[in-house]
Structures are given as structure tokens and as C-alpha cells.
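First up is the structure itself, then whatever we jot down about it.
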Amino acid sequence: MSTPTLYLPRDSRLHHLHPLTKLALIGLAIVAGATLPVTLWVIAVYLLILMPLAAWGKVLPAFLRSSLLLIWPFALSLTLIQGFFAPGEHILLQLGPLSLKLEGIQLAADYTARILVWLSAVILLMLITRPDQLMLALTERGLPRQIGYIILTALQIIPRFQQRAETILDSQRARGLETEGNLVKRLRALVPLVAPLILSSILELDERAIALEARGFTRAGPRTSLTTLKDTAPQSAFRWLSLIVMLLLILARAAGWMTA
Amino acid sequence: MIRLERFSFTYPGEDQPALSDLSFEVPAGQFYGLVGPNGAGKSTLCYALAGMIPHYFKGTLSGSLTVAEIDIAQSSLGELAGTIGLVFQNPFNQISGSRFSVRGEVALGLENLGVPRDQITDQVDETLEQSGLADLGERSPFALSGGQQQRLAIASILVMQPAVLILDEPTSQLDPVGTSEVYALLHQLVGQHETTVLIAEHKLERLAEFTDNVLVLNQGRLLANGPPKTVLTDPLIEEIGVQPTRYTQAARQARARGLILKKDEFPLTLQDAQEFFDDAAV
């Protein structure tokens, strides 16, 4: 059974970068997406930075597929809402009392471009970074281990819960539970489904905790790691530089130095 | 290696003790079985031996319990990790969920103990080899069969090289193939590393085959402590609700129906039974 991670193992230079360097790259794209004043510049971040990075990491097809799949609901709803309801002068289409305006479409395009950059930057990070290595890098820099553990476990355990929910659903159906039909019927069917799922999960908590205790999870003292993350001086310099650029972008936007 | 002296434990809010006045010893390097009906206190005893009682499950305890020269009540779970290993029924609940490969999962305990990386690599490789998981090192722990997952759970504890290994019905959710895999591994472990093993188990034939001694627990009390041949064929265990092996049952019925048996003791395993009935005369 698969885990809900997007990670694609590839032999690329991008994959071999330190997870924090990848995080800095993606952070830079996200901050740029939020602060750049011109829509075309934001689109340029996607076309000229994120897409080439994805190609470098040998994950371009998956990157394009995921980012386009995720963005179209935003594009559609933003175009409808902003197009018809944002104030503007240039009417493109009149539908009874409603009018589609150019200003609204431009606003929708701007929002869509920014959301596209944010979402696809995160997708790219997930495509090229193993979650456990990212968490290792973050815990090495001070993220509490418990938080890292919760995130990683959630990634792997959620699909098992889905599997169990299906088993419970099947067995309740076998006992005559009606799960098809109108809303009230479906809602009523939820109780015999959710209750065993939650109860069994709570009962398992003790066993999980004990299994971790037996392996020294709460032991005091220094820890080591089987995995070592390779870091280099240029990568470290790049991360500092990215941080400075991010701060400058935010400052420039806040102070109004960048305008359309 | 394990020593209990008049050890008792009562869960909070309960009138009756879950373990009552237990005294026994398990010498180093021995393979001990633990049998008893459901609710006899087997799991509670396993938790106590691993230090989960009183450090995880609270309650009232009296008497003394030392494992590997450590007074359990005075220690902490952090200190006990690596010295006493605990494996239980459900392999799924023993997988940490925070590692994406079998190798990573096995390494987790050593990482928590702060073992240097080179040593982790060596010990993980050796343990994977020993547990028959070497070819599955890069596989996701969740992509294994039940038997493989239970071997992974055992490997994840073994890698820490505990002096004592406590197993609470580790094969109850496994099919015969998975059960055989687990017992083969344990047998090898006791032989090679002189690990002291105590296993709670319902499958008496396996205990007959592998253990040096068997403890019988009923209502929190120790009823018997002796070699499997004596203890597991004793009618006493059937009286408390533990089903004897089918070979023992067959031999008893044969005697009841007038088969004259030369041997006094009843067979436990298939091999015993063959010898037993070879010697029998009608």
C-alpha cells in the first residue's frame, strides 16, 4: 500500500541538495509569489524558476500534472467571483443584472497566478524531498522531535485508517446498515462507522506509546541518525542569501518600493 | 536474569490484584514460556517485566522485581530501553510510522540510544540478515506481510541487543508460516546471543518445541513452573482453561479407551506422539 507522499526518487542534482536548501528555494518562490507587484512577474516565477527546477529534478511531467490539476478549481471560481463581483468600468459581457468586467478578470488572473506559484512550489518540494529527510533536517535545527514524529506518522498512518474505515463500512453493510440513499440516511450511517474507527484507534494509542517507549523514544540524552544529510558551504551561503532576498522582498512590498 | 520476590500488582480502581505474590527466577540465556487462560495476568506480567508497570501503567505494587540486575521500580523507561525488549501481539501497532524504510525502522531504537552512525549501520545490517529481512531493507514497513512485520518488530528490538526479551503473544495474529518464522528467529537468538527470552503464548506445541521451562499463571498467581514436558501435559492446565496440545489429548483419550501405554508421560509434539504410539500396545 502506498503512502500519500508525492516524493519521486530520481537521480538528480536537485534531489541531492540538502533539504533546507530545497526549502529555501521553495520559500523564495513563495515569498516572490506573494510580494511581486506585477502578475506577469509572478507567472515568470512559475515559468522561469519553478518549471526549470522541476525539469532539472527530472520530475517535470508530474509537476505540471499536479500543479495544473490543483489550480483549475481556483482559476474557475476566482474568475466567476471576481469577474462578476469585483468593481470595474470595462464590461465584457452582460448577463441580466450581472456583468463580467475586465478589472475582475485581471484581479482573478493575479490571484490565480499567485496561488499557482504557492501550490506548485510546495508540490515541487514534496516531489524532490523525502519527508523523513526534511523532518530530520528540521529537527537537527531545533524543531521538536515530537512534532516531526506527528507529521511523519500522519503521512503513513492516514491511509491505514482509510483502509480500516473501509473494512468497518463493509462489515456494517454486511449487518444490514444502509449507506446509500438520502442525506439523513447517510448521516445516520456515519455513527456506526465512525464510532468503531475512533474507539479502536484510541485503544491502540497505549500500544503505540509502549512500542515507542521500548525503543527509547523518550530517553534523555543525545541522539544520532542513520541518515546523514550532506551539506556544503555554498549551499549554506545560498540559504542565507535566500533569506536576505526574502526579507528584502517583504520589506520592499511593505514599504511600497515595488509598484505595478 | 529475571527475579521476582513476592511481587504483586493491582490496577487503579480494581479490588483484585492482577498479579499476586509472584516469586520465580529466570536464569540468563534461558527460553521461558508463559501460559494461562485469558485474563490470567500474562500481559500484565509482561508489562511489569518490561518496566511499563509501574512507569507507564500506574497502580499499587509490592514485593520486588529485578531484571538484568536493575530494580525496575527504581529505574525509568529511558534507562530500561535497550536492556529489556518488549514485543507484543499486533505488529502494525509496533511500527513507529515515522520511518519510510525497513532499515530506517530498525535503526530508530539505536538512534534514540545515541549509538554512533557506523555502529548503527553494522548492527542494522546484522539484525536484518539475522531476521531474514535483508532483501526488504528499502521496502516500506507497511508493505510487508504480517509475519514479516512481526519479524520487523522483533528486529527493531533485537538491534538494541537487549539482555532480556519479553514477548506477549507475538504470533497470535500470524498464520502458521509467520509463526514458524518468528520461532525460528527466537530459537536462533537464544542460541547465538544468549538472550534471556520470556514468551507468553497460547500455541503450546511451539512452547514444547522451543522452551526450557514454562510458567503457568492463573488469576494472577503462579500455578506451576517447570519443564514443558511436565507442565504442559499436567491435567491441571486443562482445569484452568488452557487447552493441551492435540497430541496430549489424543494420548489421554487412547489411555481412557484402554490402550496400554508403556510411558507414563504424555506426548506434546508430533514427534513425541509418533514415538509414544510406536511404543503403545493394544
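Quick caveat, the model's predicted, so the values are computed rather than measured. Here is how names work: the chains are called A, B, and so on, in the same order as the sequence lines, proteins then strands, and each is numbered from 1.
Side chains of B:Y183 and B:E201: a donor on one and an acceptor on the other come within 3.5 Å. Between the side chains of A:H15 and A:S12, at least one donor-acceptor pair of N or O atoms lies under 3.5 Å.
Aromatic ring pairs are classed by plane angle as parallel below 30°, tilted from 30° to 60° and perpendicular above 60°; the pair A:Y46 and A:F63 is parallel. Using a 30° and 60° split on the angle between ring planes, B:Y47 and B:F57 fall in the tilted class, from 30° to 60°.
Judged purely by atom type and a 3.5 angstrom limit, A:S66 uses its side chain to pair as donor or acceptor with the backbone of A:A62.
Identified by a heavy-atom distance below 4.5 Å to chain B, the contributing residues of residues 210-224 of chain A are A:I210, A:A211, A:L212, A:E213, A:A214, A:R215, A:G216, A:F217, A:R219, A:P222, A:R223, A:T224, in residue-number order.
Of the two parts of B:S76, neither the backbone nor the side chain holds a non-hydrogen atom closer than 4.5 Å to a non-hydrogen atom of chain A. Neither the backbone nor the side chain of B:L80 comes within less than 4.5 Å of any heavy atom of chain A. With a threshold of 4.5 angstrom between heavy atoms, B:I157 approaches chain A through side-chain atoms but not through N, CA, C or O.
In terms of heavy-atom pairs under 4.5 angstrom with chain A, the leader among B:G104, B:P141, B:S96, B:A153 is B:S96. The candidate with the highest count of non-hydrogen atom pairs below 4.5 Å against chain B, out of A:I150, A:T153, A:L152, A:L226, is A:L226. The choice from B:A81, B:P116, B:G85 that makes the most heavy-atom pairs within less than 4.5 Å of chain A is B:A81.
Applying the 6.0 Å contact sphere to CD of A:E204 captures more than 12 heavy atoms from other residues, nucleotides or ligands.
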Test salt bridge (Lys or Arg N to Asp or Glu O under 4.0 Å) applied to A:D231 and A:R239, step by step: CA-CA 11 Å; A:D231 201 5; A:R239 291 198 294 266; 2.8 Å; yes
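Under the 6.0 Å distance and 45° angle rule, B:R139 does not count as a cation-pi partner of B:F100.
Exactly one of B:Q188, B:R151, B:H193 qualifies for a side chain to side chain donor-acceptor pair (under 3.5 Å) with B:Q130. That residue is B:H193.
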